[in-house]
Every structure is written in C-alpha cells, then in structure tokens.
Visitor: 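My questions all concern the structure below.
Residues: numbered from 1 along the sequence shown.
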Amino acid sequence: MFPSKVSRQFLKKLQPFLNSVISRSFSYQKFTQQRKIKKPPKLTFKKQNVEPKVYKRDIISNIYNILKYSTWDSAKKQLENLSIKWESFTVNQVLKTHPPMEKAWLFFNWASGKKNFKHDQYTYTTMLDIFGEARRIQSMKFVFEQMKEKEIKIDVVTYTSLMHWMSNDGDIDGAIKLWKEMRAKGCRPTVVSYTAFMKILFNHKRVNEATGVYKEMLESGLSPNCYTYTILMEYLVSTGKSNEALEIFKKMQDAGVQPDKATCNILIEIFCRTGETGAIMRILQYMKENFLVLRYPVYKKALETFKIAKESDMLLRQVNQHFSPEQSNEEDAIPPDHDFIVDKGLVLSLINKQNLIALDSLLNDMMKKGVKLETKVVSRIIEVNSTRRRQNGALLAYKYGVKLGINIDKMGYLGLIGLFTRTNSFPMVVEIVEEMIKRGLSLGTHLNSLLIYRLGCNRDLVSATRVFNLLPKKERSSAEYTALISAYFSSGNADKGLETFKIMKSEGVNVALGTYCVLVAGLENCGRVREMEEYCKEKNRLQRESYSLNVSMEEMICNLLFSGDLLVRHAA
C-alpha cells in the first residue's frame with residue numbers, strides 16, 4: 001500500500017484523466033439511455049406542419065380568375081375570404097392581367113376601402129391605361145383628376161400614358177397640352193416620353209415640332225434608344241426617304257444601339273408596302289448576322305413582295321428557316337442538305353424564343369448524328385446560355401463544338417470563361433483557355449492578368465501557374481508576371497514569388513510600379529521586413545523617376561490593376 005500522502009498526490013495527478021474518462025463514460029451511458037428511450041419520430045408529424053409555398057404569381061392568377069369568371073357580388077365575397085396582405089404591388093399586378101374593364105374598376109374601388117391599403121401612382125396609372133386602351137377617355141380623365149385631388153404622385157410615366165391614349169383617340173391638342181403641363185410641373189422627360197411624344201407628332205404630320213423635340217432630347221444629354229431610331233426611320237420611309245432611313249439604320253449600329261427584332265419587323269413591313277426589295281435585303285442581311293427572325297405575317301408579306309418583283313427570296317428563307325419553305329417560288333433554290341436547314345432553323349427559332357431546355361435536347365441529338373452548325377450559331381448558343389447562367393447548357397454547346405471540330409469565336413469563349421469563373425469552376429476555365437490558345441485566340445493582357453490574379457486569390461496556384469505557362473512568351477508582360485507573383489504570395493509561397501520576379505527581370509520584362517506594390521504588400525504580410533524595405537526603396541525610386549512618362553500599355557494595365565489607389569493619390 002502507498003502511504004496516504006503519496007496516494008493523495010497520485011490521485012491528484014490522475015484526477016484530470018479520471019474526470020475525462022468518467023465524463024465520457026457518463027456521456028456514453030446517457031447516450032445509450034437516450035437511444036433506448038427515444039422513439040422514432042412519426043412521419044405524419046412533419047407532414048401535418050408543412051404548408052405548401054404559395055407564390056405571388058399564383059395569388060394574382062387566382063384573383064384574375066375570380067374577377068373574370070364570377071359575378072361581382074360573388075367575386076367580392078371570394079376576395080374578402082382571401083387571407084392575403086393587400087398591397088399596391090398585388091393590386092397593380094392584378095390590374096395588369098387585364099380583367100374585364102368594369103370588374104377592374106370595381107376591384108380598384110373595392111381595394112381602396114381595405115384597411116391599411118392606399119393606391120399609389122402605379123395602381124392609378126395602370127387603371128388609366130385600362131380605360132385608355134378601351135377608349136373610355138372621359139373615365140381616364142376622371143381617374144387622373146382623382147389623382148390630383150388625392151395628391152397622388154403624378155410622374156412622367158403617368159403623363160406619357162395619358163398623352164399616348166389622348167393622341168390615339170385623335171386629340172392631338174390634348175396630348176400637347178399634357179406635355180406642356182408635365183414640363184411645367186417639373187417632371188423631367190425620359191427617352192421613353194420624348195420618343196412617345198415624337199411619335200404622336202409624326203403621326204399627326206407635325207414634322208417640324210417632332211424634329212424640334214428630337215433636338216431638345218439630344219441637347220438634354222439623353223441618347224436615342226432603339227425605339228427612338230425606329231420612329232425616325234418609320235417616318236422617313238413613309239415619306240419616301242428610304243435611303244435616309246437606311247443611313248440611320250447604319251448609324252444607330254455605329255452608335256452602339258443594335259436594331260432589335262421589333263425594329264426589323266416594322267421596317268420590312270413598311271418596305272413591303274413600298275415594294276423596295278433592295279432595302280428589305282439590307283435588313284435581312286443584318287437579321288441573318290444577328291439571328292433575328294420575322295413574325296409570320298411579315299414573312300408572308302415579304303414573300304409576296306419578292307414574288308411580285310420576280311426576285312429571289314433565298315435570303316428571306318435563310319433568315320427564317322423555322323418557317324415552312326413550301327410557299328417559296330423557287331424550288332431550285334432549296335439547298336441540298338435539307339435536314340441541316342431544318343435543324344438550323346429549329347435552333348434559331350429556339351434561341352429567339354429562349355426555349356433553352358428544348359435547345360439542349362436538339363443540340364444533344366445533333367451531336368449524336370454528327371450534324372454541324374455554323375460557328376456563329378454555336379457561339380450564339382454559348383452566349384445565350386452564359387447570359388442566363390446555364391452552366392450545363394453552355395458546356396453542352398462547347399463540347400458539341402469540340403467534338404465536331406467547330407471553331408467557336410472569341411465572344412463564345414469569353415462567355416464560357418466568365419460563366420465558369422463566376423461559379424468558381426476553375427479547372428474548366430483553364431481547359432477553355434487552353435482550347436482558346438490552341439485556336440490562336442488571345443484573351444489580351446488585361447483579361448490574362450485578371451484571370452491569373454483571380455485564380456491566385458482563390459489559392460488555386462496550380463491553375464494560375466498553368467494559365468501563365470499556356471501563354472505564348474510574347475504575351476507574358478509585366479501585368480501577367482505580376483499577377484503570377486501575387487498568386488504565389490496569396491498561397492503563402494513568398495520564395496516562389498521572389499523567384500518569379502527574378503525570372504521576370506532576367507527575361508527583360510519591364511518592372512512596373514504595380515509589381516513593386518505586390519512585392520511590398522506580400523513581403524509585409526509574410527513578416528519579411530528587411531526584404532520589404534529593400535523593395536520599398538526601389539518602388540519609391542521608380543516613382544520619383546516619373547514612371548508615367550514612358551510607360552507601355554502592358555505596364556499601364558499592371559499599374560491600374562495592382563497599384564490603382566497609389567496612382568490616384570500620386571496624380572492628385
């Protein structure tokens with residue numbers, strides 16, 4: 001036996017170990033007891049407490065059906081029993097579904113009597129639109145007067161709507177009066193309101209006034225939108241000035257405003273009336289290059305126009321391959337590969353309708369059959385999927401192109417890189433960059449550097465290094481080297497970062513101010529003060545030597561990316 005004193009000391013030392021053992025033993029015992037006592041939960045318990053999620057669109061659809069298919073007395077009772085919060089957004093969306101006009105007005109007034117509800121400019125403007133579209137102008141004016149009496153905010157959207165419906169009813173003077181009232185009230189016109197007023201004036205042959213409004217819009221600093229240009233071209237064509245209209249069609253593209261599907265349809269319909277097939281061909285060529293199609297009634301008019309003029313409708317059918325070619329008057333013009341034409345037509349139709357799930361299925365089937373599409377079409381599919389953040393759809397189009405040897409254009413590759421970078425799918429990004437470089441396409445210094453830097457920030461050093469090594473030597477400028485150095489520092493490998501800096505200098509690549517900023521910050525974070533101070537002196541010396549006088553574009557990009565704040569302070 002140990003002496004009592006020794007025993008106590010021994011037990012004292014052993015106590016922490018015993019406590020942990022006892023604690024674990026107790027915990028295990030308690031756990032086993034719980035396992036024995038605890039009963040499995042009933043599956044029906046959760047089901048009883050789970051309520052199906054109700055979406056706003058379903059609520060609005062339900063209210064619309066109540067208003068449309070029930071008498072007002074019945075509809076009113078059903079509305080009262082709905083357990084929803086009545087707010088202006090909900091009421092406005094219901095009105096926008098265009099229930100029967102009388103019931104829309106009754107619903108509008110019923111909603112105003114609900115507790116804690118108040119109409120705003122949005123619900124009032126929608127109610128104005130309903131009356132205006134039905135040509136109930138006096139009722140529309142009555143609602144407008146109510147807005148004034150109740151001091152509801154009247155904005156430029158309300159005035160624009162009123163002007164449109166007044167003009168549509170033939171009251172041009174009333175529309176002009178509203179325009180002047182809007183300006184007097186301090187409502188600043190938007191591009192939409194300027195364009196709407198121009199259309200009103202053009203429609204009523206008040207050309208000089210419309211031209212003056214257009215000039216006023218430009219002087220106010222607002223740029224014309226696609227619809228503004230369409231209004232101008234529509235007027236010019238209607239007055240026989242087709243060449244001037246086509247010149248605007250070209251200039252709007254130069255200004256960065258791309259004609260949309262609606263614009264092209266409007267112009268071709270007008271040119272069909274004047275029988276100008278040459279102008280139609282120019283619009284169709286643009287539509288072909290931008291994957292736009294005609295509405296079927298316009299397509300039929302264009303077919304008839306070409307038939308009357310006894311000219312080929314080949315381009316018309318190429319643009320609108322989703323329509324049946326049976327109406328064509330030139331059977332010998334049908335390309336021999338009819339299956340390809342049908343598949344391509346379906347693809348273009350699905351792109352325009354944004355039916356991307358069906359497009360995936362069609363593309364997958366075409367890949368199995370080995371049916372090739374044009375480079376522009378495949379690139380367009382990638383762009384659409386990338387914009388919609390459909391990773392699987394974009395990847396399918398990319399694999400389709402690779403498998404069938406179809407070259408994807410630069411915009412398609414950039415769309416893929418952007419999509420997979422946003423989703424942090426960096427191995428896929430590297431694969432796409434590699435494929436792009438194999439095709440002889442370059443990202444450019446700016447994107448090269450950003451990509452390497454982003455990979456470094458994500459601490460994916462392997463991918464960052466691989467992208468850098470994929471670049472041709474002529475593309476490894478100060479910006480790319482600095483991005484790689486930053487990637488090494490971000491990954492905690494300062495030695496490799498300094499080694500890359502020495503390689504950069506030995507290759508004769510100019511060291512930019514941004515490079516020194518990365519070195520100084522990286523070394524400071526690593527606690528390597530002596531080396532940091534050394535490079536800090538070099539950075540200050542470069543800064544004193546007026547570095548900004550003879551700086552290459554690559555160095556400028558490097559400075560903007562990696563020493564932006566410093567440059568701003570220096571410039572100030």
Visitor: Any chance the side chains of Tyr64 and Gln93 put a donor and an acceptor closer than 3.5 Å?
Guide: no
Visitor: Other residues, nucleotides and ligands only: do more than 12 of their heavy atoms fall within 6.0 Å of CG on Asn392?
Guide: no
Visitor: Considering only heavy atoms from C-beta outward, does the side chain of Thr375 approach that of Ile408 to under 4.5 Å?
Guide: no
Visitor: Between the main-chain N or O of Leu67 and the side-chain N or O of Lys103, is there a donor-acceptor pair closer than 3.5 Å?
Guide: yes
Visitor: Donor-acceptor check, side chain of Asp313 to backbone of Leu316, threshold 3.5 angstrom: yes or no?
Guide: no
Visitor: Can you tell me if Arg390 has over 12 outside heavy atoms packed within less than 6.0 Å of its CZ?
Guide: yes
Visitor: Quick check: closest heavy atoms across Phe197 and Ala175, and the distance to 0.1 Å?
Guide: CE1-O, 4.4 Å
Visitor: Hey, does the side chain of Ser167 reach the backbone of Met163 with a donor-acceptor pair shorter than 3.5 angstrom?
Guide: no
Visitor: In chain order, what residues pass the ring pair (Phe, Tyr, Trp, His ring centres under 6.0 Å) check against His119, with sequence neighbours excluded?
Guide: Phe108, Phe117, Tyr124
Visitor: Take Lys300 and Tyr296 through the test side chain to side chain contact (heavy atoms under 4.5 Å, CB included) and record every step on the way to the result.
Guide: CA-CA 6 Å; Lys300 286 178 67 178; Tyr296 188 64; 3.3 Å; yes
Visitor: Any chance you could measure Leu359, atom CG, to Met366, atom CE, to the nearest 0.5 Å?
Guide: 9.5 Å
Visitor: Please determine whether side chain to side chain contact (heavy atoms under 4.5 Å, CB included) holds for the pair Thr305 and Ile308, giving the CA-CA distance in whole Å, both sets of side-chain angles, and the decisive distance to 0.1 Å.
Guide: CA-CA 5 Å; Thr305 303; Ile308 292 170; 6.0 Å; no
Visitor: Closer than 3.5 angstrom, by distance alone: can the side chain of Ser161 be matched with the main-chain N or O of Val157 as a donor-acceptor pair?
Guide: no
Visitor: Is there a donor in the side chain of Thr387 and an acceptor in the side chain of Glu383, or the other way round, less than 3.5 Å apart?
Guide: no
Visitor: Looking only at heavy atoms, what is the nearest atom pair of Ala309 and Thr277, with distance?
Guide: CB-CG2, 3.9 Å
Visitor: As a quick check of understanding, evaluate salt bridge (charged side-chain N to carboxylate O under 4.0 Å, His left out) for Glu87 and Lys56, giving each step before the final call.
Guide: CA-CA 12 Å; Glu87 53 188 4; Lys56 182 70 76 174; 3.1 Å; yes
Visitor: Return the set of residues passing ring pair (Phe, Tyr, Trp, His ring centres under 6.0 Å) with Tyr453 (not counting sequence neighbours), or none when no residue passes.
Guide: Phe562
Visitor: Do Arg454 and Asn424 make a side-chain contact, defined as non-hydrogen atoms from C-beta onward lying under 4.5 Å apart?
Guide: yes
Visitor: Assess the side chains of Thr263 and Asp260: does a donor N or O sit below 3.5 Å from an acceptor N or O?
Guide: yes
Visitor: Taking atom CD of Glu151 as the centre, does the number of heavy atoms from other residues, nucleotides or ligands within less than 6.0 Å exceed 12?
Guide: no
Visitor: Identify the two heavy atoms, one from Lys288 and one from Leu315, that lie closest to each other, and give their separation to 0.1 Å.
Guide: CD-CD1, 3.9 Å
Visitor: Of all the heavy-atom pairs spanning Ile152 and Gln121, show the shortest one and how long it is.
Guide: CG2-N, 3.6 Å
Visitor: What pairs with Asp173 under salt bridge (Lys or Arg N to Asp or Glu O under 4.0 Å), at least two apart in sequence or on another chain?
Guide: Arg206
Visitor: For the side chain of Asp365 and the backbone of Ser361, is there at least one donor-acceptor N/O pair under 3.5 Å apart?
Guide: no
Visitor: Residues two or more places apart in sequence or in another chain: which of them pass side chain to side chain donor-acceptor pair (under 3.5 Å) with Thr274?
Guide: Glu276
Visitor: In chain order, what residues pass the side-chain contact (heavy atoms from CB on, under 4.5 Å) check against Ala394, with sequence neighbours excluded?
Guide: Asn385, Ser386, Leu416, Leu419
Visitor: Under the ring pair (Phe, Tyr, Trp, His ring centres under 6.0 Å) rule, collect the residues that match up with Tyr194, sequence neighbours excluded.
Guide: Trp179
Visitor: Begin from the C-alpha positions of Leu82 and Leu79 and carry the test side chain to side chain contact (heavy atoms under 4.5 Å, CB included) through to its verdict.
Guide: CA-CA 5 Å; Leu82 292 176; Leu79 292 173; 4.0 Å; yes
Visitor: Can a donor-acceptor pair be found, under 3.5 Å and without considering hydrogens, that links the side chain of Thr97 to the backbone of Val94?
Guide: yes
Visitor: Donor-acceptor pair, Glu311 side chain versus Lys307 backbone, under 3.5 Å?
Guide: no
Visitor: Decide yes or no on side chain to side chain donor-acceptor pair (under 3.5 Å) for Ser74 and Gln78, but give the supporting numbers first.
Guide: CA-CA 6 Å; Ser74 173; Gln78 293 178 67; 3.1 Å; yes
Visitor: Taking the side chain from Asn320 and the backbone from Val293, do they hold a donor-acceptor pair closer than 3.5 Å?
Guide: no
Visitor: Could you tell me whether the side chain of Leu373 reaches within less than 4.5 Å of the side chain of Leu363, counting heavy atoms only?
Guide: yes
Visitor: Indicate whether any N or O donor in one side chain lies under 3.5 Å from an N or O acceptor in the other, for Thr228 and Asn225.
Guide: yes
Visitor: Taking all non-hydrogen atoms of both residues, which atom of Ser242 and which atom of Val237 are closest, and how far apart?
Guide: OG-CG1, 4.4 Å
Visitor: Is Pro189 close to Met182 at the side-chain level, that is, under 4.5 Å between some pair of heavy atoms?
Guide: yes
Visitor: Flag the pair Arg188 / Val156 as yes when at least one side-chain heavy-atom distance between them is below 4.5 Å, and no otherwise.
Guide: no
Visitor: Decide whether Asn62 and Arg57 meet the rule of one side-chain donor and one side-chain acceptor closer than 3.5 Å.
Guide: no
Visitor: The criterion is side chain to side chain donor-acceptor pair (under 3.5 Å); which residues satisfy it with Lys301, sequence neighbours excluded?
Guide: Glu269
Visitor: Please name all residues satisfying ring pair (Phe, Tyr, Trp, His ring centres under 6.0 Å) with Phe131, sequence neighbours left out, ordered by chain then number.
Guide: Trp105
Visitor: In sequence, state the C-alpha distance, the side-chain angles, and the governing distance for Glu181 and Lys148, and then conclude on salt bridge (charged side-chain N to carboxylate O under 4.0 Å, His left out).
Guide: CA-CA 13 Å; Glu181 181 182 319; Lys148 290 180 177 178; 3.3 Å; yes
Visitor: Considering residues at least two apart in sequence or located in another chain, which fulfil the side chain to side chain donor-acceptor pair (under 3.5 Å) criterion with Asp155?
Guide: Thr158
Visitor: With sequence neighbours left out, which residue pairs that include part of residues 105-130 fulfil the salt bridge (Lys or Arg N to Asp or Glu O under 4.0 Å) condition?
Guide: Glu80-Lys114
Visitor: Would you say Val207 and Thr239 make side-chain contact, with heavy atoms under 4.5 Å?
Guide: no
Visitor: Under the salt bridge (charged side-chain N to carboxylate O under 4.0 Å, His left out) criterion, do Lys77 and Asp73 qualify, and how do the steps go?
Guide: CA-CA 7 Å; Lys77 290 177 182 177; Asp73 290 336; over 6 Å; no
Visitor: Indicate the atoms forming the closest heavy-atom contact of Met140 with Gly132, along with that distance.
Guide: SD-CA, 3.9 Å
Visitor: Sequence neighbours left out, what passes side chain to side chain donor-acceptor pair (under 3.5 Å) with Arg183? Give chain and number order.
Guide: Glu216
Visitor: Tell me which pairs pass ring pair (Phe, Tyr, Trp, His ring centres under 6.0 Å) where either residue lies in residues 207-238, with sequence neighbours left out.
Guide: Phe202-Tyr235
Visitor: Please report the C-alpha distance between Thr123 and Asn92 in whole Å, then the side-chain angles of each, then the deciding distance to 0.1 Å, and finally whether the side chain to side chain donor-acceptor pair (under 3.5 Å) criterion is met.
Guide: CA-CA 5 Å; Thr123 53; Asn92 192 39; 5.9 Å; no
Visitor: Mind running side chain to side chain contact (heavy atoms under 4.5 Å, CB included) on Asn265 and Lys261 for me, showing each step along the way?
Guide: CA-CA 6 Å; Asn265 274 268; Lys261 179 180 174 180; 3.5 Å; yes
